[in-house]
Q: 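Have a look at the structure that comes next, please.
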Amino acid sequence: MALLLAAGAALAIDPGAAFDDPALQARYEGLTNQLRCVKCQNQTVADSNAPVARDLRQQVREMIAAGASDDEILAFMTDRYGNFVRYRPPLTGTTAVLWAAPFLLLAGGLTIGVVLMVRKSRLVSDDDCDDAEAPGEETP
Amino acid sequence: MMRSVLPLGAFTLLVIVFLVSLRSGRAPNLIESPLIGKPAPEFELQTLRDPERTFSRSDLLGQVSLVNVWATWCVECRHEHEFLMEISRSGLLPIYGLNWKNDRDEALRWLEVLGDPYLVTGFDDTGRVGIDWGVYGAPETFLVGPDGQVLYKRIGALNEGVWRHEILPLIQQAQVVGVQQ
């Protein structure tokens with residue numbers, strides 16, 4: 001069972017490595033893992049069985065072999081399929097909200113949490129003042 | 001007072017955001033084409049019927065046209081075929097076919113049996129030209145202006161509604177501009 005699980009991670013969609021040169025292979029894997037399969041949109045081009053993904057892997061392979069840089073290959077893809085094809089979308093006016101949102105939400109949540117805690121602790125100390133006089137005890 | 005207003009306010013804001021997004025009508029998994037407003041890509045393909053002849057970008061120039069991506073294995077292509085025949089019969093504008101990742105004989109047989117709405121069909125069995133058009137499935141249809149600019153892209157089958165509300169106005173606009181030139 002453990003072997004099956006381990007093997008799953010190592011299985012490539014295409015049989016064998018794309019490049020003998022480990023540096024080129026690393027670039028190939030890096031690129032295909034950050035490109036979204038436009039057909040099966042929650043998978044990378046590296047992982048997807050879709051024919052389009054296979055074509056795009058081939059395209060990346062050819063471009064690396066032809067000497068294109070990573071930037072050139074990514075630009076090639078976004079020119080044709082848009083920013084959506086990149087799993088890490090570039091920071092632009094529109095995607096700024098996407099990138100900032102988790103941090104903003106976290107900051108917002110923390111702020112609310114702190115404010116509520118502070119307010120609650122203030123209420124507790126007010127109660128303490130009242131409790132200084134034990135209930136039922138008459139003040140002369 | 002702040003305790004009750006803040007969650008309510010945040011909730012209302014979310015509701016507004018969701019409503020706007022839902023009512024926009026755009027299916028979230030359809031990718032907006034970066035080609036809109038840009039020149040159609042350069043390409044040259046063998047025609048489907050005659051490998052000796054070519055179909056290339058220059059054929060698109062001079063009139064508004066449709067470029068329809070299709071294949072015999074594509075069920076939605078089968079559904080939109082009759083509508084394409086209607087457009088073809090109307091003579092409103094030429095339809096060019098891009099036979100995508102398909103077997104040539106099967107494609108020819110399909111056209112023989114169902115009818116051929118295309119002025120010319122390019123044979124893109126490898127899908128390499130499809131990549132340049134940003135194609136990721138079939139059917140897809142592009143509206144191309146007389147100057148070769150991509151005016152519109154439809155992902156999925158063409159139908160009466162899309163045609164009337166989205167494509168026809170663009171065709172009329174482009175044809176008016178064409179006459180003025």
Side-chain angles (χ1 to χ4, degrees), chain A residues 35-45 48-63 66 68 73-87 89-90 92 94-95 97-98 101 104-105 107-120 122-123, chain B residues 1-11 13-14 17 20-21 24 26-43 67 69 71-74 76 98-103 124-140 142 150 153 155-156:
Chain A
L35 289 169
R36 188 189 306 271
C37 170
V38 283
K39 183 76 186 163
C40 311
Q41 293 167 0
N42 56 353
Q43 286 184 302
T44 63
V45 158
S48 172
N49 263 318
V52 180
R54 201 176 312 135
D55 292 347
L56 292 179
R57 285 197 297 275
Q58 176 66 28
Q59 184 67 30
V60 171
R61 205 174 300 152
E62 285 174 16
M63 291 186 80
I73 295 172
L74 289 172
F76 178 94
M77 294 297 171
T78 53
D79 282 349
R80 286 152 181 77
Y81 293 98
N83 278 331
F84 185 72
V85 78
R86 298 183 60 176
Y87 256 106
T92 68
T94 19
T95 60
V97 176
L98 178 69
L104 291 175
L105 286 171
L110 280 175
T111 310
I112 293 172
V114 166
V115 165
L116 288 176
M117 270 175 17
V118 166
R119 196 176 298 145
K120 196 169 180 196
R122 243 188 254 137
L123 284 172
Chain B
M1 159 126 166
M2 171 135 157
R3 195 175 288 164
S4 57
V5 164
L6 189 59
L8 183 64
F11 178 71
L13 189 66
L14 272 177
V17 168
V20 166
S21 186
S24 74
R26 249 193 78 235
N29 63 331
L30 296 185
I31 303 180
E32 288 220 43
S33 171
L35 294 190
I36 310 290
K38 298 225 179 79
E42 286 290 345
F43 66 93
V67 175
V69 178
T72 59
W73 45 258
C74 156
E76 284 294 295
L98 193 69
N99 183 243
W100 187 64
K101 298 175 70 64
N102 213 174
D103 175 84
D124 185 20
D125 59 339
T126 62
R128 182 58 190 82
V129 169
I131 291 180
D132 284 338
W133 284 79
V135 172
Y136 64 96
E140 291 183 2
F142 297 84
V150 176
K153 177 181 183 183
I155 297 173

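Here is how names work: the chains are called A, B, and so on, in the same order as the sequence lines, proteins then strands, and each is numbered from 1. Any value given below was found using the heavy atoms of this structure, including those in side chains, with hydrogens, waters and symmetry copies removed.
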Q: Could you tell me which non-hydrogen atom of B:P34 sits nearest to which non-hydrogen atom of A:G82, and how far apart they are?
A: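 For B:P34 and A:G82, the tightest heavy-atom pair comes out as CG-N, 3.4 Å.
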Q: May I ask you to decide if A:Y81's main-chain N or O and B:Y136's side chain share a donor-acceptor pair within less than 3.5 Å?
A: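 Such a contact is absent between B:Y136 side chain and A:Y81 backbone.
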Q: Using heavy-atom distances under 4.5 Å, tell me whether B:K101 contacts chain A through its side chain, its backbone, both, or neither.
A: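 Side chain only.
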Q: Relative to chain B, which segment of A:Q59 carries a heavy atom at a distance below 4.5 Å: side chain, backbone, both, or neither?
A: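 Side chain of A:Q59 only, per the 4.5 Å heavy-atom cut-off to chain B.
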Q: Looking at B:I131, B:L35, B:T126, which makes the most heavy-atom pairs under 4.5 Å with chain A?
A: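 Greatest number of close heavy-atom pairs with chain A: B:I131.
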Q: Are A:D55 and B:R128 close enough, and set up right, to give a salt bridge (Lys or Arg N to Asp or Glu O under 4.0 Å), and what steps lead you there?
A: CA-CA 8 Å; A:D55 292 347; B:R128 182 58 190 82; over 6 Å; no
Q: Scan residues 73-86 of chain A for pairs that pass salt bridge (charged side-chain N to carboxylate O under 4.0 Å, His left out), counting only residues two or more places apart or in two chains.
A: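 Sorted pair list: A:R80-B:D132.
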Q: What pairs meet the salt bridge (charged side-chain N to carboxylate O under 4.0 Å, His left out) rule with one or both residues in residues 36-45 of chain A, with sequence neighbours excluded?
A: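 Not a single pair qualifies under salt bridge (charged side-chain N to carboxylate O under 4.0 Å, His left out).
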